[in-house]
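Data block below; observations after.
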Amino acid sequence: MLWKVAWRNIWRNRTRSLVIIIAIALGLWAGVFASAFVVGMMHEKIDSLIKLEISDFQVHHPKFRDEQDVRFFIAEPEKLIEGIRREEGVRGVSERLVVNAMISGPGQSGAAQVFGVDPEREAVVSGLNTYIDSGAWFEGIKRNPIVLSHRLAEKYHVKLRSKLVITVQDVHGEITAASFRVAGIFDTKNPPFDDRQVYVRRSDLDALLGSEGKVHEIAVSLDDHEQADPMASKFAAVRSDLEILPWMDLTPGMRLMIGMLDTYTYYIVGIIMLALLFSIINTMLMAVLERVREIGMLMAVGMNKMRVFSMIVLETIMLTMIGGPVGLILAWGSVNYFGKVGINVGGSAYADMGFAATVYTRLVPQTYLIITLMVIGMAILAAIYPARKALQLNPSEAIRKI
Amino acid sequence: MNEFVIEARNLSKVYPGAVDVHAVNHIDLQIENDEFTAIVGPSGSGKTTLLNLIGGLDRPSTGEILVNGHQIHDLTDNQLIDFRLRHIGFVFQSYNLIPVLTALENTEFIMLMQNIPKAQREQRAIELLNEVGLGEKLHSRPTQLSGGQQQRVAVARALASKPDFVLADEPTANLDSESAFNLLDIMARLNKEEGITFLFSTHDQRVIDRARRVITLEDGRIVSDIRQS
Ligand SMILES: Nc1ncnc2c1ncn2[C@@H]1O[C@H](COP(=O)(O)OP(=O)(O)O)[C@@H](O)[C@H]1O
Ligand SMILES: [Mg+2]
């Protein structure tokens, strides 16, 4: 009967209860959906970042990344590459020469990082070819083709088929230069990337450096990013003379960011819940204060403090628990729907910032469970203060108000 | 050793303030089983205070109260609530009922708190509501009942817990005279036929006439104590 009383009490002030129920439902829905949107957006950003810039794992001479010295080649790469290729889940392997160079165009010169790649293999690993919107990925130019970004093309005043001179220090420390012609121009919407990296054929750069077929970097892309860590460790164990690192260790802060992304939802929902918490407390406090006489009467005729407390707690929890599931079901439905269909944010500022044009909302399923627990926790927390307030009533004084 | 249902010894209640109010001022009082007693007196004479002290709703400044020989002043708050539940029936001037419950549920509620099984409490609640003439209104909510009917539900509720006695503080104050008489008739009948002890306050002369004993208060003191037939 206590349940019956609590339930009916909720509907005594129908409007007020409905308002708070709707607020809870909408708050949860908005919170969960918004975080699923952000998580989805960030994941896509991370995915494309991994693909384009980092690949799943990379192999270097242990000093290469720090010192960028042209002579730090990967020792005996053949068997390692063979071993990687044989591994299941490996999508592509790209061997790269990486060198800091000076680029000169008509009237302008500057520093850049020149990648010497095998075009087909690189295309599989980084997919940079898909960002080309002018010219083609190492096609159309026979001798010394170069691929660079629109930003750099503008900076050096070059167009397709224009000539650029690349000046480097070769393996002997000699300054040497060669001219290249623009075969393709890309735009990754990622200015730091676009401003730094230019691509030439590995054989052309090899000739310039005198590296005799050796490489600085092996980039590996996998079908599943999750496999990067175990696989990198596995090869690192075999080749302790090399530095073999998975993507999350190649970019500083990435591990932290991924970890934060998973907890992001709880922060958003937590903040919304905090706001809801105070609204619920306020609503219940009003409900208690309105019923001072009635609660006083109940205590007078023999309803003990435990029961009074339970009645208010029960009422608060019920109130919260109507809105909670409604909000979660709405959230679950819409997150699933837009997880499949996607939300088009093309043309918006997001897309210009290099985020995907279509965002697929996503949320780890266990999030719903945790949020459900958070809602229950919120209900209990919200109940305590009003229920304690009810207990402080002095029945004789409450009755006197009659 | 004690034949009194209620015994107050040297009972006082002082409300401290700029000028202390001696709401109940050294009262000695004994109520026997089966009494049908009215506490009368002008407004502010201390009727409510006295009933609240006897009912364990308030604690005396000095003096003691015994219910069936048991001291109640050294009980803790929770023990006192439990004591009220088991030994005292209450009827207040108004707000006696839980608005969201029907007459039947309101009457059952007090037995629920005594952990009486569902079937038993429903049967007793129906019996009691029949006794107060509300057999037809079992499923009405308080708002669907007249003031007099609500007070009759309150009497049924007060009796549901099988108390040692019923305290009623101005139970007729909000009723028209017909309803007031009707309520008094029911109370008198329950007193006569079932031997239920009633102690009620009033300042309505026609209600006073129905009491078998009339205790008059003035400024917190008993100024007369008359048994009438
Ligand atoms: N909580 C309180 N604080 C101070 N004075 C009070 C309080 N309650 C009652 N009184 C005073 O005690 C006196 C007796 O009041 P009460 O018992 O309500 O009388 P009655 O019920 O006969 O009208 C009155 O003077 C009243 O003002
Ligand atoms: Mg009074």
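This one's a predicted model, so the numbers in the text were calculated from it and none came from an experiment. Chain letters run A, B, ... following the sequence lines, proteins first, then strands; residues in each count from 1.
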Query raised in the report: Most heavy-atom pairs under 4.5 angstrom with chain B, which of A:Met299, A:Glu294, A:Met303, A:Met306?
Result: A:Met303
Report summary line: Most contact-rich option vs chain B, by heavy-atom pairs under 4.5 angstrom, among A:Leu2, A:Asn304, A:Val301, is A:Val301
Is it true that [X] and [Y] have a side-chain N and a carboxylate O under 4.0 angstrom from each other?
X: A:Glu397; Y: A:Arg293; result: no
X: B:Arg9; Y: B:Glu7; result: yes
X: A:Arg291; Y: A:Glu315; result: yes

Report task. Sort out for me which of B:Arg86, B:Arg84, B:Glu108 touches chain A most, counting heavy-atom pairs under 4.5 Å. Result -> B:Arg84
Report task. Find the one option among B:Thr49, B:Asn78, B:Thr48, B:Ile81 whose heavy-atom pairs under 4.5 Å with chain A are most numerous. Result -> B:Ile81
Chain A contact via [X] - which portion, at a heavy-atom distance below 4.5 Å:
X: B:Arg59; result: neither
X: B:Glu105; result: both
X: B:Ile110; result: side chain
X: B:Asp169; result: neither
X: B:Asn52; result: side chain
X: B:Leu97; result: backbone
X: B:Phe109; result: both

Query raised in the report: Is B:Thr107 reaching over with its side chain to a backbone N or O of B:Arg157, donor-acceptor style, under 3.5 angstrom?
Result: no
Query raised in the report: How about A:Trp3 and A:Trp7: are their ring centres within less than 6.0 Å of each other?
Result: no
Query raised in the report: Does a side chain donor of either B:Ser179 or B:Asn182 reach within less than 3.5 Å of an acceptor in the other side chain?
Result: no
Report task. Consider only side-chain N and O atoms of B:Asp204 and B:Thr202, and report whether a donor and an acceptor are under 3.5 Å apart. Result -> no
Query raised in the report: Relative to each other, are the rings of B:Phe90 and B:Phe92 parallel, tilted or perpendicular (30° and 60° limits)?
Result: parallel
